Amino acid sequence: MPTKTDLQSLPSAYDHHAAQAKWYAFWEEKQYFHADPAPVLAGKKKPYSVVIPPPNVTGALHLGHALNNTLQDILCRRKRMQGYEVLWMPGTDHAGIATQAVVERRILAEEGKSRHDLGREGLVDRIWQWKAQYEERITGQLKQLGASCDWARQRFTLDDQCARAVRETFFKLFSDGKVYRGKRLVNWDTFLQTAVSDDEVFHEETKGNFWSFHYPVIDPQPGEPTHVTIATTRPETMLGDTAVAVHPDPAAQLDKVEAELKEKLAAAPAKEKAPIEKQLEALTERRKTLLPKLIQLRDMAARGVMLTLPLCDRKIPLIADEWAKPELGSGCVKITPAHDPNDYDVYGRHPEIGAINIMERDGTLTDSVPEPYRGLTMPQARKAVLADLEAAGCHDPEKDVEDRLIDLAHSDRSKTPIEPYLADQWFVKMDELAQSAMDAVTDGKTKIIPERYSKTYLDWLSEKRDWPVGRQLWWGHRIPVWEFRKDAITGSVREMGSSTQPTRFKRALQLGNGRVAGYAEVDGAAVSDINDFEFNTRQSWNFKICPADDESLQHEYSDGKSVQEALEADHCGFSQDEEVLDTWFSSALWPFSTMGWPEQTDLLKAFYPTSTLVTSRDIITLWVARMVLMGKYLLDEVPFPEVYIHPKILDGFGETMSKSKGNGVDPLDVIEQFGADALRFGIAYLTTETQDVRLPVEFVCPNCDTNVPQTKKNRVQPRVECPQCNEAFRTQWAEKPEDLALPRGPVTSERFELGRNFCNKLWNASRFALTNLEGYSPAASADGSPGRGATDTGGATNDLRIEDRWLLSRLSTVTAEVSSALDEYRFADAARTLYDFAWNEFCSFYIEMTKTRLDSPNDGAEEGADKQVAQAVLAHALDVLLRLLHPMTPFLTEEVWHLLGEVAPVRGLPAAAGAGPLQAGESVCVAPWPESDAAAIDKTIEEQFAKFQAVLGAVREVRQGQQIPPKEPVEFTVKCDATTAELLRPMQPYFTQMARATAIELGPDAKTPNIAASKPLGPIEVHVDVAAFIDVEAEKARLAKEQANLAKYIGGVKGKLANEKFVSGAPAAVVEAERTKLAEAESQLAAVKAALAKL
RNA sequence: GGGCGCGUAGCUCAGUUGGUUAGAGCGCUUGCUUGACAUGCAAGAGGUCACAGAUUCGAGUUCUGUCGUGCCCA
């Protein structure tokens, strides 16, 4: 028997620290979050599973993660209460490039060492240490947040189990001919020396120049130009030029541009016409001066005219291609296929021009450029090339330069400018895979919510661009391909044995146990049978092997050698590819790799496909689409039927939060200040369907506790001085010892006060209930078993008073609304509904009204019974409210649940759907989710109660308007019909309790006191006797305002009704409603006038 | 340039299929140390629903355009 809590000594404010410390440990100990596949496989429980979008181990979680995980937790906790077997799979992502970059930078800064100093193993080892540290941090943050993850099953995208899935997947793709090696122009990060994806690139406008050069024409015919002029923003790339292009039909192109401009001109508003007209003029001028020359050049290109590439002493062709824009610059464009994406496309159309790579991986120039430039960096080469071009007379710095803003791509990871670079890359063919993922959404197998994001998803997939999966990194899943190295070959591959299997891509060979695939190509022709094959060093080779997993590599041949030995034996000449896979490759497998695939585990059988994916819109393409296609490809089933896309958290300036901007908020700071429940409730409250969440950010001064609003300026400073106390505190940027010595100023947002206040309100309402349940006994249960003492007169429902019925009606409505809101991912609606109900109805009315009832002694017959009804309803309502709120505020509700269990262990009303009073469970975590009791919903009661609320409000308003001191009792009369009077009569104690007012007369004949302040409420008139307090001027002013409002309103309605079209066009019910409103307003106006006259 | 949002009170946001005098929280003003809660109670002020058209008896809500703003893609 646990010791009873002394309820009188509960703190008057909710202590989130204490609750959080207590209950997470309790839940873990009870293993509530540990999913068991057995009952699911046995058909006893329905499964509900969610995989966490694995946060990357680059750093700690921020508020965006808090939002993402809070929403998942809300869903999971609710489903658990609904009786599902819930699996919330937690884990983290290795985030290849991001993590390696962070760790490399750190090591360079702290130890002055590069990754090459450490070596591959050394660096990877250091990153594992980093990972361990941040994984722990992240896990801690999630637990602090209250996330109900199945921690025993935590995974990491680079752990052995995930690696197994990656290998198996790559093997299947390879065997199916969906993996190939090809050339591709990539975004090259010369600092990290790796390709980065488009998504890891940001663009920034930079001041630059537009330089013009002249390339000499070789053997021009008389009358033909001797030079071709081209212009570029990157002069150094001219060393890699392989052609100059001119448009194949410059006249037609100019016509087209002109037609477009004219169309634009016709549509443009007057003030915008001028610039367009100017453009048109320029075009006409260009037609005169430039067009003949362009036509001439086009003809020269057709004839095969060559140009001399200055500085390089190389001949390059003049070609005709549409990439050249006759409307821009000189109309001609230099083509550098290996260093510009558009030029690379031109090369695709004119392969004969070739592509020359002029850059090493480190960003210096290769030996393919003339000697003087070799080894220079790109900026150095630019200077040298410009100087030499000038010296050669091909460029005049006086005339041939203009300033221009250039949209320059930068690597997100190293912040250095991106160099386009032609590199060998691993690709996954996307045609069929992408189509299958598109089908999943168009067929409705996977539903994206909100629906509009389907477009993002489908648009991206429909491009079916092959997926470059290789990364020149050390941190990641190493590509499981062994490649033949020609220089190492001395023997034969015959001893590996083989069988053959044709595929759609070249030809794959199944070797050994059939779990090793390979393909071979000799002099460009696929090899179908390598059994009798002898290597010939004169031939050109392409031979690659991919084993499904390490075990396959260990497969032994009859001679006792393993595949791996055979592969890596010197005479065979195979070695493993140096690259690693794109992080998203392993993330794409997350929904099933975490469950043990490719093993057919019980977990996988019970919980795949998962139920819902909760994520943010920026990774719909990178991650969601790829999970869908991999799920379909590998398991023939979409990984989730629903994807919920939630808003993003922005700061007060509408910018995304990030550590690098300094506007990031650590959820732990918010939790420390406001509590996890407040953070979670605040997040749910803000999660609306269409809007991103804007959150003004503040520092909290550690010296005086004032909030210091964050500005774009102070958010990047190492120290901030508090304007309140003039003391300084440090920020995340503090590095110098004198800054680090300062106390840290946490970064939070006042927005979470709403959640904190709400939690506190609920805590105090609970405290009130708990301390007023003395003598509580459960209501009689529906089956007639003994319960509450005073049931002799019938079921407890017979004793319910109007406020009880009202509350139960509202509670049922709210239960239904919250349920459907959560079913439809309307988190804000659910939170707002609960907030409004708990605060404005449960607290402001029900609890206030029970005060008078709970005040009466236990014994007396009627009063005692009434008190017990109030207690039963109070306990029941609190019980339901706790259960409804638990997914959002788990710690608070668990705390109160246990306290309530001490005083009212058996709760519920006979009228409550499906259950009479029942023994409450040991945790609200596993308590049943409330069912809405349709029978309890009573619109009539709600309308009646609304009348009481309106009269009470009128009295309060008059009191306030007349500045009547709160302690002074007042009297009032209510002129109303007899039914309303009957309704209001029993409410007298509440008028006393809640407005210190006594209704001295109620009914049709109720008289207006001599000196009264009046408030008409439609058919009801409230007159407060203010003889002792009257402030005539104040009352006159109040009434005059009311009169003006009414007159205006009446005017509007009269106008409407006078409109013949309205009366005949609108539905009769609407017209009738307007008439009623008019009548009521007119009688109110009359009452106001009468009151004014009386004054 | 294309796509998707957003623009409602000083701030942050709700506003379901068109139909009460457009709401909430914070902030502001006034009055309250009543036994759950000052992280609170009661009341008040504050809005040309970005702008211009169109549809309709009726538009914050539907359509078109403009302006502003944000994100994604090229």
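Model, not experiment: these values are computed from the prediction.
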Tell me which nucleotide among [options] gets nearest to the side chain of [X].
{"X": "A/Gln963", "options": "B/rU30, B/rC73, B/rG5", "answer": "B/rU30"}
{"X": "A/Lys761", "options": "B/rA24, B/rU33, B/rC41", "answer": "B/rC41"}
{"X": "A/Asn764", "options": "B/rU21, B/rG25, B/rA36", "answer": "B/rA36"}
{"X": "A/Arg694", "options": "B/rC4, B/rC13, B/rC32", "answer": "B/rC13"}
{"X": "A/Val1070", "options": "B/rA43, B/rC13, B/rG19", "answer": "B/rG19"}
{"X": "A/Lys455", "options": "B/rU39, B/rG3, B/rG40", "answer": "B/rG3"}
{"X": "A/Arg767", "options": "B/rC37, B/rG40, B/rC13", "answer": "B/rC37"}

Sugar-phosphate, base or nothing in reach of [X], heavy atoms under 4.0 Å:
{"X": "A/Arg996", "answer": "nothing"}
{"X": "A/Arg617", "answer": "sugar-phosphate"}
{"X": "A/Lys851", "answer": "base"}
{"X": "A/Tyr453", "answer": "nothing"}
{"X": "A/Asp836", "answer": "nothing"}
{"X": "A/Phe758", "answer": "nothing"}
{"X": "A/Cys843", "answer": "base"}
{"X": "A/Arg751", "answer": "base"}
{"X": "A/Thr456", "answer": "nothing"}

Using the [atom1] atom as the reference point in each nucleotide, state the distance between [N] and [M] in Å, no decimals.
{"N": "B/rC71", "M": "B/rG10", "atom1": "C1'", "result": "27 Å"}
{"N": "B/rA54", "M": "B/rC11", "atom1": "C1'", "result": "34 Å"}
{"N": "B/rA45", "M": "B/rG58", "atom1": "C1'", "result": "30 Å"}
{"N": "B/rU61", "M": "B/rA14", "atom1": "C1'", "result": "14 Å"}
{"N": "B/rG7", "M": "B/rU66", "atom1": "C1'", "result": "14 Å"}
{"N": "B/rA59", "M": "B/rC51", "atom1": "C1'", "result": "16 Å"}
{"N": "B/rG44", "M": "B/rU39", "atom1": "C1'", "result": "23 Å"}
{"N": "B/rU48", "M": "B/rG65", "atom1": "P", "result": "27 Å"}

For A/Asp829 and A/Lys1077, find the nucleotide of RNA chain B closest to each by heavy atoms; which residue's nucleotide sits nearer the 5' end? A/Asp829
Residue whose closest nucleotide on RNA chain B lies nearer the 5' end, A/Asp692 versus A/Glu753: A/Asp692
Any donor-acceptor pair under 3.5 Å from [X] side chain to [Y] backbone:
{"X": "A/Gln871", "Y": "A/Glu774", "value": "yes"}
{"X": "A/Tyr457", "Y": "A/Ala437", "value": "yes"}
{"X": "A/Asp15", "Y": "A/Ala18", "value": "yes"}

Note, A/Thr850 side chain near A/Asn772 side chain (heavy atom, < 4.5 Å): no
For residues A/Arg996 and A/Val970, determine if any side-chain heavy atom of one lies less than 4.5 Å from a side-chain heavy atom of the other. no
For residues 839-847 of chain A, tabulate all N or O donor-acceptor pairs below 3.5 Å that involve a side-chain atom, not counting sequence neighbours.
| from | atom 1 | to | atom 2 | distance (Å) |
| --- | --- | --- | --- | --- |
| A/Glu841 | OE1 | A/Arg810 | NE | 2.9 |
| A/Glu841 | OE1 | A/Arg810 | NH2 | 3.1 |
| A/Glu841 | OE2 | A/Arg810 | NE | 3.0 |
| A/Ser844 | OG | A/Trp839 | O | 3.0 |
| A/Tyr846 | OH | A/Asp804 | OD1 | 2.5 |

For [N], does either OP1 or OP2 sit under 4.0 Å from a side-chain N or O belonging to [X]?
{"X": "A/Lys648", "N": "B/rG5", "result": "no"}
{"X": "A/Trp839", "N": "B/rA36", "result": "no"}
{"X": "A/Arg465", "N": "B/rC73", "result": "no"}
{"X": "A/Ser12", "N": "B/rA36", "result": "no"}

Please give the stem ranges for RNA chain B, sorted by first residue number, where a stem is three or more consecutive Watson-Crick or G-U pairs and both donor-acceptor distances are under 3.5 Å. B:1-7 with B:67-73, B:10-13 with B:23-26, B:28-32 with B:40-44, B:50-54 with B:62-66
Can you measure [X] atom [atom1] to [N] atom [atom2] for me and round it to whole angstrom units?
{"X": "A/Leu461", "N": "B/rC73", "atom1": "CG", "atom2": "C1'", "answer": "14 Å"}
{"X": "A/Asn757", "N": "B/rG27", "atom1": "CG", "atom2": "P", "answer": "9 Å"}
{"X": "A/Glu698", "N": "B/rC11", "atom1": "CD", "atom2": "P", "answer": "16 Å"}
{"X": "A/Tyr457", "N": "B/rC72", "atom1": "OH", "atom2": "C1'", "answer": "17 Å"}
{"X": "A/Asn707", "N": "B/rC26", "atom1": "CG", "atom2": "C1'", "answer": "12 Å"}
{"X": "A/Leu834", "N": "B/rG25", "atom1": "CG", "atom2": "C1'", "answer": "16 Å"}
{"X": "A/Leu686", "N": "B/rA14", "atom1": "CG", "atom2": "P", "answer": "9 Å"}

For A/Gln673 and A/Thr748 the tightest heavy-atom approach is OE1-OG1, 2.9 Å
Non-hydrogen atoms of A/Ala904 and A/Ala875 that approach each other most closely: CB-CB, 4.3 Å
Regarding A/Asn707 and A/Glu750, is there a side-chain donor-to-acceptor distance under 3.5 Å anywhere? yes
For a side chain to side chain donor-acceptor pair (under 3.5 Å) with A/Tyr14, tell me which candidate from A/Asp677, A/Thr889, A/Asn760, A/Asn764 qualifies. A/Asp677
Hey, does the side-chain of A/Glu848 have a donor or acceptor N/O within less than 3.5 Å of a partner on the base of B/rA36? yes
